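Since the structure comes first, as structure tokens, the remarks are kept for the end.
Here is how names work: the chains are called A, B, and so on, in the same order as the sequence lines, proteins then strands, and each is numbered from 1. Computed from a predicted structure; not experimentally measured.
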There are 2 protein chains.
Amino acid sequence: MVTIKEIAKLVNLSPTTVSNVIHGHKGKVSAENYKKISSALKDTNYISNMGARLLGHHGSKIIAVILNFDRRAEVNIVSDPFYDQIIGFLEEEIRKQGYFMMLYTSGSVTESLRLATAWDIEGLIILGSLPDDAKKFIQQQQRPLAFIDTYVDESYMNDDFINVGLQDFQGGYDITKYLISLGHRKIAFFADGDHLIGVDEKRFLGFKQALSETGISFQRKDFFALDYRADKRHAFLREISRNQLKQYTALVFTSDFLAVDAINVFYDNGIKVPRDFSITGFDHNIFSEQIRPKLTTIGQNVNQKAVLAVDYLVERIQSKHVGRKINILLNTELIVQGSTAKPSEVLP
Amino acid sequence: MVTIKEIAKLVNLSPTTVSNVIHGHKGKVSAENYKKISSALKDTNYISNMGARLLGHHGSKIIAVILNFDRRAEVNIVSDPFYDQIIGFLEEEIRKQGYFMMLYTSGSVTESLRLATAWDIEGLIILGSLPDDAKKFIQQQQRPLAFIDTYVDESYMNDDFINVGLQDFQGGYDITKYLISLGHRKIAFFADGDHLIGVDEKRFLGFKQALSETGISFQRKDFFALDYRADKRHAFLREISRNQLKQYTALVFTSDFLAVDAINVFYDNGIKVPRDFSITGFDHNIFSEQIRPKLTTIGQNVNQKAVLAVDYLVERIQSKHVGRKINILLNTELIVQGSTAKPSEVLP
DNA sequence: CTGTTAGCGCTTTCAT
DNA sequence: ATGAAAGCGCTAACAG
């Protein structure tokens, strides 16, 4: 663990000069000394001590990725396929930008802010935050914030944060319109839980918009809430597949995961897709590809989401540009595959 | 950002005394002052500055999780379903143990060690490391190390590290024995790439052991290396399914992912499982459950792996217990599901 | 262009 | 039981 002071002694110069070389301030150091110090740095394998940087508030170079999970779900959120994927992409981009990534899971905003303070975190990327928590973050935290897939209340339009999301409404709308174009009129909607919020809510609104534009009525009974526990969810799907579901020709799910899960339960009970139901997912992740028939779904570019969030955050960190609100909703793409077809004639 | 000094002033005591309260050194502070300081700490919402801890080498409280990926695969490793899952579990356990998790991906041991030095990391958890890199880590790093799923050379038996792995040999053996018990004699083996190493190698050795015990011969041509690029892999599978594969009744894959991927390619080409081939996976992850028929596979407890790795590492960090080598290979479990059956009579 | 110095917040002797 | 002071490594302000 060689220090700046030691290097300074080694080359008979001051720590300041060494520091200047480390930071590439060529103008402040003679070419000769620059060279000498540079090679000393290499030879001794100098590694800067982040503690000293931290202590002097010279920038921790840490970006914290916060999984602000809904504690209702006792499952470890990082096992959710979407979060998995994006964490990988985030890590990659954070590293490329020269920062370090601290990963933290917490349902508590206060907890997360403690982390940020203790480590003098330079910026936060927040995943899975519901509007209420997002509000708390924005109000209580002055550090740069980037949300991913969070719909923040309009009243915060003037606040300083970044959000990178998806045109969930449009996605929900498009996929529903597609089903309608195939001839479906009896369509049910499935989501993860009863209380729709955030991306699921927008997808649902897009869905309803498509129906109402076409003059198709939608009632509460056409909405089905799925349990996050596999056994309960499966039992429920089995149950309704024998009863209520008979009246539908198409089923819209808020995620590929739920759609695939349902397809398999149906399969086990002799129900075939798309023969008996057309089924759609959302995300276009690996699940939609590793099933037969492949899922008709809404594609999104997860890598792009991660890169944009990190890049805007880093820009914000470096420019100290305050007061700029960035709210990007990326385009979606309808991916038509085998899980959808025209409604079979035998059905009403 | 209230500091110890400020708290000290507030209660008219010295920073030292405040520090003692923070660390719960009850014996060194009068009960009265202890109380007074405690409440001041609460009232002011004191948050300790990690930079100062770092600088004084008082323990960074950081555990780094290193994804020591093989750079050959250009894909982002964190998108691999196994790594996804375990990262979530690791984060959870690290947090529970009162540490912070830094996530870092790198193919370079040197890079990883720089990180460890700069941050005064207290311990490293290393995923996906090949024996060569593991050797470098062990030789060059004096900090506590915990590998996950790494087979370290026997010559390092006396070194100080932790490894938590799986009885991969046994798993490969068991699943192959099961196929044999069903009557299969023509069995092919599929792995991710040509050069088997680490867990895949052990699984393969278990596989061969089961064959040879039963007097079934195995030749180089019965081994199939799969490309990590989906398009190449799929083309290859299509190709061989029309030719070489016809002579086999069972196909053993080193992972659920590869097995499921192949099943789908086969399905697209009119090949049914288990009618045409019995197929086995390895891992018992979500892929093996979200396909029909479900995969016969080898189960492992990923959460347990993560918890053990973290707990042993923390124990090692705290006890400063040097020179103890811990090498745990967790049990596997044969999970029999629908992807395997007796070989059909029509085949040779 | 180079060097000196103060100070970031905390812990840890060492006195008292 | 309490406190004073040194020191961890670095950067930035200031002086030369």
With sugar-phosphate taken as primed atoms, P, OP1 and OP2 and all else as base, the protein-contact string of nucleotides 5-16 of chain D at under 4.0 Å (heavy atoms; B, S, -) is B--BBSSBB---
What residues, two or more places apart in sequence or in another chain, satisfy side-chain hydrogen bond (donor to acceptor under 3.5 Å, both in side chains) together with A:S112?
none
Kindly write out the residues that satisfy side-chain hydrogen bond (donor to acceptor under 3.5 Å, both in side chains) with B:T16, not counting sequence neighbours, or none if the list is empty.
none
Side chain to side chain contact (heavy atoms under 4.5 Å, CB included) with A:V314: which residues, sequence neighbours excluded?
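A:V314 satisfies side chain to side chain contact (heavy atoms under 4.5 Å, CB included) with A:I63, A:Q97, A:Y99, A:V310, A:Q318 once adjacent residues are dropped.
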Donor-acceptor pair, [X] side chain versus [Y] backbone, under 3.5 Å?
{"X": "B:Q140", "Y": "B:F137", "value": "no"}
{"X": "A:R143", "Y": "A:L124", "value": "no"}
{"X": "A:D149", "Y": "A:G165", "value": "no"}

Taking A:E91 first and then A:R95, would you say they form a salt bridge - that is, a charged N and a carboxylate O separated by under 4.0 Å?
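Counted as a salt bridge, because a side-chain N and a carboxylate O are separated by less than 4.0 Å.
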Can you pull out every salt bridge (Lys or Arg N to Asp or Glu O under 4.0 Å) where at least one residue sits in residues 9-20 of chain A? Sequence neighbours excluded, please.
none
Specify the separation, in whole Å, of atom CG of B:N12 and atom C1' of D:dG3.
13 Å
Separation of B:L13 atom CG from D:dT2 atom C1', in whole Å?
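So the two atoms are 8 Å apart, to the nearest Å.
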For A:F100, the ring pair (Phe, Tyr, Trp, His ring centres under 6.0 Å) test, sequence neighbours excluded, returns B:W119
Residues in ring pair (Phe, Tyr, Trp, His ring centres under 6.0 Å) contact with B:F147, at least two apart in sequence or another chain
B:F161
So where does chain A start and stop touching DNA chain C, 5' to 3', when the test is distance under 4.0 Å to a non-hydrogen atom?
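Terminal contacting nucleotides, 5' to 3': C:dC1 to C:dG9.
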Helix axis bend for the helix from C:dC1-D:dG16 to C:dT16-D:dA1 - C1'-based end axes, five pairs, 10° rounding:
40°
Please list every donor-acceptor pair under 3.5 Å in which a side-chain atom of residues 17-24 of chain B meets a protein atom from a residue at least two apart or in another chain.
unit_1	atom_1	unit_2	atom_2	d
B:T17	OG1	B:S14	OG	3.1

Name the nucleic acid region contacted by A:L54, choosing base, sugar-phosphate or nothing; use a 4.0 angstrom heavy-atom cut-off, strictly under.
nothing
Please list all pairs meeting side chain to side chain donor-acceptor pair (under 3.5 Å) that have one or both residues in residues 39-55 of chain B, counting only residues at least two apart or in different chains.
A:R114-B:N45
What residues in residues 29-39 of chain A put a non-hydrogen atom under 4.0 Å from any atom of DNA chain C?
A:V29, A:S30, A:N33
Is there a donor in the side chain of A:N68 and an acceptor in the side chain of A:S129, or the other way round, less than 3.5 Å apart?
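A:S129 and A:N68 do have a side-chain donor-acceptor pair below 3.5 Å.
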